[in-house]
Chemist: 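This is the structure, below, for whatever I ask next.
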Amino acid sequence: MKTGVCYYPEHWPVERWSVDAKHMRHLGLSHVRIGEFAWSRLEDANGELHLDWLKNAIDVLHAHELKVVLCTPTATPPRWIVDKHPDMLALDEHLHVREFGSRRHYCFSHSGYLEECTRIVRVLADAFGDHPGVVAWQTDNEYGCHDTAISYSSHALKAFQHWCSESYASIDDLNSAWGNVFWSMEYERFDQIGLPVGNVTESNPAHQLDYWRFSSDQIRRFNKAQVDIIRVQSQGRDVLHNFMGNFVQFDHHLVSKDLDIAAWDNYPLGFLTRDSIDEADKERYLRTGHPDGSAFHHDLYRGCCGARWWVMEQQPGPVNWAPYNPSPLPGMVRLWGWEAFAHGAEVMSYFRWRQAPFAQEQTHTGLLLSNGEEDIAAQEVAQLNRELLLIDDPGGFSVVANVAIIFSYSGLAMQDIQRPGGAAFSALTFCQSLYSACRRWGLNVDVVSPEASLDKYSLILVCNHTEDDALFAQRLMQCSQGPGRATIVLFPGSGSRSQYYTAPEALPPGNLQALIDVRVVRSESLPPGHTMSATGTKQQPYHCSQWRELIDSSLSPDARFADGWGFHYKNGRVHYINALPEFMDLFRLTGELADEARLPITDLGPDLRTQRIGNYRLAFNYGAQTADLEKRLGSVFNFTPDTSLLVGEHQLRPAEVAVWMVT
Ligand code: GAL
């Protein structure tokens, strides 16, 4: 793994650039990302280009043997472009215009803006595509950030009507697929179709789902238009995009099809403070981030582009955008770096080089203070880089996981539309709990698209593939058969809606009934705090909350709730878990499933984590107590008093990392 940094030469005097480049090298950095917000300095209202400074910046970085990741500047269209195309601004769900004055103020469906984008990308790719210092390109910046994945502009509407006319053979087909007869919502022509917002009450769910799909397609189209140009004019360079954390507003698997590398922006403390609903976790991991927060995303993005992934922006200290922005515990910046390595990152790049003394993000730290002196993180990064030199693995750095969590972006969107899990249920959070349960057992996990090959897994967990997908059911069926058969686990909502958001005729889980005889005859959602216990032959009951299904089946359930509803149906190694166990019970259940799948496991507790990559194993301490690795990893991971560590100690202190070779 190499390290890098996000740099804004346009923010600093030209004399400073070589000082900075030298300093970057001194810290052991090798990659520098530049240019993603620089459009106003590259081209002016008269159409005049100003590329000399950028050439100079790339030359300076290259002269210091730094590898440049050049960005397309399309996330920040300058004022003159907005003046030229006043209707290119996106509209939010209240149909308010998202005005100029910050960033991402454009609608993916505006063809005039797309032309401006392809023009500037062509200019840049032409000027710098062959520059020996440029090793990769980043398209735009964080598609969807600040809720910009979906726009409700008149351009989006026109494009959506066209999308519908391409997706359905006739307007009657669309009416019937969407069930428009329901409230006399039938259309006579495609150009009558409206936006699924501003309706008196709930818009048709099929309409909402198609609008979500359309919006994902628009992002893919926008991204691909840039990628296609770069591929021709900058051959041999990787093209990537920087995705976000805890963000599922478009189909990242789809957009990744056109990229070489899936990069993502990792802000562990910001994500926890902003997104977690668990107050105890927020307090416990205030200065470390959640032990599974970064890892989940590493494993998700590793599944996007054939295992090639980077961290493009990594938190170096307090950020500016969460409601509260604590400082990380000393050591965490280094730990997060090692953790990215352990999950297979090619590059870990920090945001940003130097704290900005002006404009929007002044309280966001960098590797340098705003005055140019080193900030705390710089030395942790330097240490990481020195330690990474110890790694030399002729066997390569691939992550091998026996567990797959199926992750379906459209499935998550579907669960969000009619909310079968209730108002407080988050399908993403549940998926992350399931991931945490596996990780607490010490398992390596792949988080993969429903299209991914599933042959190599012993345990396959399906928690948000809501679509009734015949092909997927068939593929799962193959995995459930034969001598090396996998344990397959289906959770509520699996296969519960067709692609047009209708219930399967056979009832949920639709085609998955071929694997196990269960029919969901009722689904209920429960308010926060309401827990129900299922008891069976096992000593401890399962405490469930949020979402429960009533099952009709020839199989007898493993346990029953007091009102007689069954819990947990099994057919050989296929399981249907028809309610959501609270975390510790989910953890216990996951352990039983891992045992069935013959995976070696041990309870690492809430704070210790381990991951194997190639011939290395690493351990990370996210807790406040020192962890005794011999006791905690012991026989399962073959950690003995003789285990010799490349990095760290057998008594692993808080915010510390251990790295060793396994034979
Ligand atoms: C990211 C973004 C960066 C910067 C950063 C601050 O979302 O890509 O440009 O704003 O957050 O943490």
Side-chain angles (χ1 to χ4, degrees), residues 4-12 31-41 69-78 98 101-106 136-149 219 223 226 240-250 252 255 259 261-275 289 293-294 297 301 309-328 332-333 336 340 347-370 375-377 381:
V5 74
C6 303
Y7 187 50
Y8 299 90
E10 69 275 24
H11 293 182
W12 313 105
H31 286 65
V32 186
R33 185 193 72 175
I34 59 172
E36 79 274 24
F37 302 131
W39 200 338
S40 70
R41 290 296 173 94
V69 180
L70 188 57
C71 301
T72 70
T74 54
T76 50
R98 309 204 71 184
S102 61
R103 61 178 171 183
R104 302 215 53 77
H105 42 279
Y106 69 85
W137 291 80
Q138 175 186 299
T139 52
D140 202 278
N141 189 75
E142 292 192 341
Y143 291 135
C145 183
H146 316 301
D147 281 327
T148 54
I219 297 178
N223 183 65
Q226 301 197 11
L240 57 84
H241 176 75
N242 57 333
F243 296 116
M244 291 187 286
N246 290 343
F247 186 83
V248 294
Q249 287 173 23
F250 65 89
H252 293 47
V255 173
L259 299 169
I261 296 168
W264 82 283
D265 296 345
N266 185 21
Y267 294 93
L269 305 192
F271 295 147
L272 181 83
T273 315
R274 186 192 63 187
D275 301 333
S294 302
H297 290 92
Y301 290 118
W309 71 278
W310 294 13
V311 174
M312 196 70 256
E313 299 181 10
Q314 173 67 46
Q315 173 164 10
V319 299
N320 64 303
W321 46 262
Y324 307 98
N325 296 296
S327 180
M332 283 313 295
V333 170
W336 292 327
V347 171
M348 160 63 110
S349 152
Y350 295 88
F351 183 90
R352 50 188 276 156
W353 174 243
R354 178 168 166 181
Q355 188 161 0
F358 50 79
Q360 271 92 334
E361 299 182 340
Q362 294 184 43
T363 55
H364 195 298
T365 46
L367 297 185
L368 303 192
L369 296 168
S370 58
D375 199 346
I376 298 168
V381 173

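Just so you know, ligand 1 is whichever comes first in the structure, and atom 1 is the first atom listed for that ligand.
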Chemist: Evaluate side chain to side chain contact (heavy atoms under 4.5 Å, CB included) for Asp265 paired with Gln314, printing each intermediate quantity in order.
Modeler: CA-CA 6 Å; Asp265 296 345; Gln314 173 67 46; over 6 Å; no
Chemist: One residue to check: His364. Relative to ligand 1, which of side chain, backbone, both or neither has a non-hydrogen atom less than 4.0 Å away?
Modeler: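 Side chain only.
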Chemist: Give the numbers and elements of all ligand 1 atoms closer than 4.0 Å to a heavy atom of Asp265.
Modeler: 8 (O)
Chemist: Would you check the N or O atoms of Tyr8, main chain and side chain alike, for any that come under 3.5 Å of an N or O of ligand 1?
Modeler: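 For ligand 1, there is no N or O atom that lies under 3.5 Å from one belonging to Tyr8.
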Chemist: Is it true that atom CZ of Arg103 has more than 12 heavy atoms of other residues, nucleotides or ligands lying nearer than 6.0 Å?
Modeler: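 Yes, enclosed.
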Chemist: Does Glu313, backbone or side chain, put an N or O under 3.5 Å from an N or O of ligand 1?
Modeler: yes
Chemist: Using side-chain hydrogen bond (donor to acceptor under 3.5 Å, both in side chains) as the criterion, list what pairs up with Arg352, not counting sequence neighbours.
Modeler: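 Listed in chain order: His11.
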Chemist: Could you check whether any side-chain heavy atom of Arg354 comes within less than 4.5 Å of a side-chain heavy atom of Ser370, counting everything from C-beta outward?
Modeler: no
Chemist: Compute the ring centroids of Phe351 and His364, then answer whether they are less than 6.0 Å apart.
Modeler: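 Distance test on ring centres: under 6.0 Å, yes.
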Chemist: For the pair Asp147 and Arg98, find out whether any cationic side-chain nitrogen is under 4.0 Å from an anionic carboxylate oxygen.
Modeler: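 Result for this pair is no, no salt bridge flagged.
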Chemist: Considering only heavy atoms, does Glu361 approach ligand 1 within less than 4.0 Å through its side chain, its backbone, both, or neither?
Modeler: side chain
Chemist: What do you reckon, does Arg103 put a non-hydrogen atom under 4.0 Å from ligand 1?
Modeler: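 Judged by the 4.0 Å heavy-atom criterion, Arg103 does count as contacting ligand 1.
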Chemist: What about Asn141: any of its N or O atoms under 3.5 Å from an N or O on ligand 1?
Modeler: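 Between Asn141 and ligand 1 (N or O atoms, distance only) the closest approach is under 3.5 Å.
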Chemist: Quick one: look up the protein heavy atom nearest atom 5 (C) of ligand 1 and list residue, atom name and how far away it is.
Modeler: Tyr267 OH, 3.4 Å
Chemist: Below 4.0 angstrom from a heavy atom of Phe37, which ligand 1 atoms are there? Numbered from 1 as shown, please.
Modeler: 9 (O)
Chemist: Using the benzene-type ring in the case of Trp, are the ring centres of Tyr8 and Trp353 under 6.0 Å apart?
Modeler: no
Chemist: Looking only at protein heavy atoms, which one is nearest to atom 7 (O) of ligand 1, and how far off is it?
Modeler: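 Scanning the protein heavy atoms, the shortest distance from atom 7 (O) of ligand 1 goes to Glu142 OE1, 2.4 Å.
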